[in-house]
Structures are given as C-alpha cells and as structure tokens.
There are 2 protein chains.
Amino acid sequence: MDFADKLRASGLRPTKQRLRICKTLFDRDKTFHFLVKDLVETLNEKTEDQKISVATVYNTVHAFKKSGYLKQLNIDPNHNYFDTNISHHHHFFDESTKELIDLNNDQVEKIEIKKTLPGKTISSVEILVKVENK
Amino acid sequence: MDFADKLRASGLRPTKQRLRICKTLFDRDKTFHFLVKDLVETLNEKTEDQKISVATVYNTVHAFKKSGYLKQLNIDPNHNYFDTNISHHHHFFDESTKELIDLNNDQVEKIEIKKTLPGKTISSVEILVKVENK
DNA sequence: CTTTCTTTTTAGAATGATTATAAACTATAT
DNA sequence: ATATAGTTTATAATCATTCTAAAAAGAAAG
C-alpha cells in the first residue's frame with residue numbers, strides 16, 4: 001500500500017502536496033521529531049520544486065495527526081514537536097543539548113498507577129526523562 | 001519566614017507586586033496549576049487594587065520558577081501551565097474535561113529506566129497519564 | 001533623611017508560531 | 001465534460017509571550 005492508498009484509506013485525497021509531505025516525513029530509515037516551521041523550510045529549500053504554503057503544511061500535519069500517522073509531543077511548552085514514531089514510547093530530553101531521544105516502552109519497567117479516577121479510563125501513559133551532562 | 005524574607009533569601013526584592021503575587025499563588029490550602037495570562041487577570045480583577053502589569057507578572061513567574069518556587073509543566077503544547085506544587089509528582093490530564101490533576105510520586109510504582117545515555121545523568125522523571133470518560 | 005546605585009515596574013511595541021479567511025484550484029464521481 | 005466537495009494558497013489576524021527604554025522604588029551609605 002503506497003502513500004496515495006494510505007491517504008485515500010484515511011479519507012484524504014492524495015494531492016501533490018500531501019504526497020511530497022509524506023515522502024519527506026515517512027520515506028526514511030528512522031523515525032524523527034520535527035517542528036512544523038522546520039518542515040515548511042525543508043519542503044521548500046529545493047528551489048526547483050513548487051513551494052508548498054505554510055497553511056497547507058500545518059493543515060496536513062494536523063490531518064496526519066488526526067489519522068494517527070503522527071504524534072504530537074508534550075516536551076517543552078515553547079516548542080511544539082511532532083513525532084513520526086507512532087508506537088507506544090517515551091522520551092529523553094537532554095537539557096544540555098536540547099536534544100530529544102526516543103525511549104522504547106520495553107526499556108521501561110512496567111508502570112503501575114495506584115491512583116484511579118472514578119468514571120475515567122487511562123488512554124495513555126507517557127514518560128519524560130530529563131537528562132543532563134554528568 | 002514570611003514571603004518578604006523568602007524573596008530576599010532568593011535575592012529578590014520584596015516589592016508590593018511580588019508580595020501580592022506570592023499571596024495569590026502561595027497563600028492557599030492546596031497547590032494549583034495556572035496559566036500566566038489567567039494569573040494576570042486574577043490579580044487585576046479587584047478594581048480597588050493598583051493594577052500589576054503583564055510584564056511584571058511574566059517576569060515574576062519566571063523569577064519564581066528560577067528560584068524553585070514554581071514548576072513549569074509539559075502537558076499540552078498549546079498551554080503553558082505553571083504549578084505551585086514543587087514536590088516530585090506526576091499528572092493526570094483529563095482529555096474529556098481538559099482538567100489537570102496531580103498524581104503523587106508515591107502513587108506510582110517505582111519507574112526503572114533500563115536504557116542509559118553515555119555521559120548523561122537523569123535529572124527528572126515525569127509521567128503524564130491521559131484519561132478520558134469510561 | 002538625602003543621595004546614589006541598582007533593581008524593578010511599566011505601557012506599549014514587537015515577535016513568532018499558529019490559525020483564520022475566502023478566493024482559486026483540483027481530484028473524483030457522475 | 002460537468003459538478004461538487006475537498007484542498008491549496010497568500011495574506012491577514014490572533015494571541016501568548018518577550019522586548020524596550022524610561023520612570024519608579026528598594027537598598028545602602030553617608
């Protein structure tokens with residue numbers, strides 16, 4: 001199933017812009033974290049290609065998030081990171097270098113929450129581990 | 001040790017504005033979460049009092065954070081919450097009501113991070129538990 | 001209690017990421 | 001081909017936050 005089919009399966013028309021954004025985001029060996037404003041820059045740095053507008057990139061990123069192809073992270077209140085790693089995982093945030101590093105769920109001992117909230121059910125448990133130079 | 005002394009101990013002059021902000025933030029039974037813009041409103045809703053400027057509230061909140069009297073939270077990339085609870089604790093975020101609820105550290109089974117980063121040391125481990133209506 | 005020095009406050013302007021607008025365009029179905 | 005619903009776009013608008021530089025107010029010393 002190629003990008004066009006996946007988009008259609010999510011009710012999204014496979015437009016030129018969306019396909020280019022898919023390539024940039026998902027045609028990689030490793031998942032990565034990004035800011036939308038940086039993605040806009042990356043997409044538009046090749047002068048030969050037609051520019052994709054800022055609004056389209058924002059719209060698309062939100063559409064992809066809604067369809068479950070991207071995760072929005074809560075790492076730093078001043079920077080709105082998105083993640084192409086949609087598996088259940090956690091993060092290291094290196095305060096010395098401001099770098100964000102994945103922490104797989106199997107690298108964390110099972111977390112048990114002893115407190116429950118009446119009428120509520122847990123939808124996710126995310127850990128943020130802040131590190132700094134020794 | 002009153003607020004004025006605490007401020008002086010942190011190298012901050014106990015000005016009228018800072019003392020009023022201290023009262024509003026810390027003269028309570030329970031700790032709470034807030035947005036700076038809401039704090040500005042709360043401080044200035046009593047018409048009889050002299051208004052405290054937006055800049056001062058922001059400056060003060062950052063000064064208090066730097067001195068360790070406030071924590072800045074990473075809950076929602078669109079809302080910059082501060083917390084008067086400076087103890088080691090975690091949070092529930094209720095996606096149904098957008099409410100933020102404390103989760104004490106002793107209500108979570110000890111978290112063991114199996115992955116280590118060379119040359120780095122862990123400075124904090126924070127858990128965000130998202131919940132929704134059953 | 002005045003002078004001096006430094007810190008703090010302030011109104012208002014500036015910033016910067018993000019969202020809204022509404023017109024032009026395009027994919028898709030008929 | 002045509003219709004129509006979904007998309008893209010440039011641009012303006014938003015909004016929390018930060019910046020600026022001048023005025024005000026603590027603190028320390030005489």
Side-chain angles (χ1 to χ4, degrees), chain A residues 2-25 33-44 49-67 69-70 72-82 98, chain B residues 2-25 33-44 49-67 69-70 72-83 98 100:
Chain A
D2 62 4
F3 291 139
D5 290 334
K6 278 199 175 164
L7 288 173
R8 266 187 286 262
S10 303
L12 297 170
R13 290 183 180 174
T15 62
K16 278 194 304 292
Q17 292 84 347
R18 284 176 178 162
L19 290 170
R20 251 175 72 204
I21 295 173
C22 277
K23 257 197 194 162
T24 306
L25 291 179
H33 311 108
F34 65 93
L35 299 173
V36 180
K37 73 174 174 75
D38 293 339
L39 176 59
V40 173
E41 246 186 57
T42 306
L43 286 162
N44 292 326
D49 294 342
Q50 200 193 303
K51 298 270 173 288
I52 302 182
S53 79
V54 175
T56 297
V57 182
Y58 276 93
N59 288 340
T60 303
V61 165
H62 285 126
F64 285 6
K65 183 202 162 187
K66 209 170 175 182
S67 297
Y69 301 128
L70 290 173
Q72 192 168 11
L73 303 182
N74 316 295
I75 301 297
D76 173 352
N78 307 307
H79 297 281
N80 193 2
Y81 285 103
F82 285 84
K98 305 289 171 199
Chain B
D2 62 3
F3 291 138
D5 290 334
K6 278 199 175 163
L7 287 172
R8 266 187 286 261
S10 302
L12 297 170
R13 291 185 181 172
T15 62
K16 277 194 305 294
Q17 292 85 347
R18 284 175 178 162
L19 289 170
R20 249 175 73 202
I21 295 173
C22 278
K23 257 196 195 163
T24 305
L25 291 179
H33 312 107
F34 66 93
L35 300 173
V36 180
K37 73 175 173 75
D38 294 339
L39 177 58
V40 173
E41 248 186 55
T42 306
L43 286 163
N44 291 327
D49 294 341
Q50 202 193 303
K51 300 267 172 292
I52 301 181
S53 79
V54 175
T56 297
V57 182
Y58 276 93
N59 288 341
T60 303
V61 164
H62 285 126
F64 285 6
K65 183 201 162 186
K66 209 170 175 185
S67 296
Y69 301 128
L70 291 173
Q72 192 169 14
L73 303 181
N74 316 295
I75 302 294
D76 173 353
N78 307 308
H79 298 281
N80 193 1
Y81 286 103
F82 285 84
D83 195 341
K98 306 290 172 198
L100 194 54

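Everything numeric here is computed off the predicted structure, so don't read it as measured data.
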Rounded to whole Å, please give me the gap between CZ in B:R13 and P in D:dA27. 6 Å

Kindly say if B:S53 contacts the phosphate of C:dT9, meaning a side-chain N or O under 4.0 Å from OP1 or OP2. no

Categorize B:T15 for me: base, sugar-phosphate, or nothing, with a 4.0 angstrom heavy-atom threshold over every strand shown. sugar-phosphate

5'-most contact on DNA chain C: A:A55 or A:K37, nearest heavy atom basis? A:K37

Using whole Å, report how far CG of B:L35 lies from P of D:dC15. 14 Å

Atom CD of residue position B:Q72 - does it have more than 12 heavy atoms of other residues, nucleotides or ligands inside 6.0 Å? yes

Quick one: is D:dT8 close enough that its OP1 or OP2 comes under 4.0 Å of any side-chain N or O from A:Q50? no

With a 4.5 Å limit on heavy-atom distance, are the side chains of A:L43 and A:T24 in contact? yes

Can you see if the side chain of B:H62 gets near the phosphate of D:dT18 - specifically, an N or O under 4.0 Å from OP1 or OP2? yes

Check whether any side-chain heavy atom of B:N80 lies under 4.5 Å from a side-chain heavy atom of B:V36, and answer yes or no. no

Give a yes/no answer on whether the side chain of A:Q17 brings an N or O atom under 4.0 Å of OP1 or OP2 in D:dT9. yes

Nearest-Å distance, NE2 (A:H79) to P (D:dA16)? 19 Å

With sugar-phosphate meaning primed atoms plus P, OP1 and OP2, does B:I52 contact a base, only sugar-phosphate, or nothing at under 4.0 Å between heavy atoms? sugar-phosphate

Between B:G11 and B:N78, which has a closest nucleotide on DNA chain C that is more 5'? B:G11

Shortest non-hydrogen separation from B:Y81 to B:H33 and the atoms involved: CD2-CB, 4.3 Å

Answer with base, sugar-phosphate or nothing: what part of the nucleic acid does B:N80 contact at a heavy-atom distance below 4.0 Å? sugar-phosphate

Under 4.0 angstrom between B:R8 side-chain N/O and D:dA27 OP1 or OP2: yes

Distance test, side-chain N/O of B:K16 to OP1/OP2 of D:dG26, below 4.0 Å: yes

Is there a side-chain contact between B:Y58 and the phosphate of D:dT18, meaning an N or O under 4.0 Å from OP1 or OP2? no

Minimum heavy-atom distance A:Q50-A:N44, with the two atoms named: O-OD1, 4.3 Å

Report the distance from atom CG of A:L7 to atom P of D:dG6, rounded to the nearest whole Å. 16 Å

Rounding to a whole Å, what distance do you find between A:D76:CG and D:dA16:P? 18 Å

For atom CG of B:N59 and atom P of C:dA11, their distance in whole Å: 13 Å

Assess whether one donor atom and one acceptor atom, taken from the side chain of B:R18 and the base of C:dT8, lie less than 3.5 Å apart. no

To the nearest angstrom, the NZ-P distance between A:K66 and D:dT7 comes to 11 Å

Taking every heavy atom of B:K65 against every heavy atom of B:F82, the minimum-distance pair comes out as CD-CE2, 4.2 Å

Spacing of A:F34 atom CZ relative to C:dA17 atom P, expressed in whole Å: 15 Å

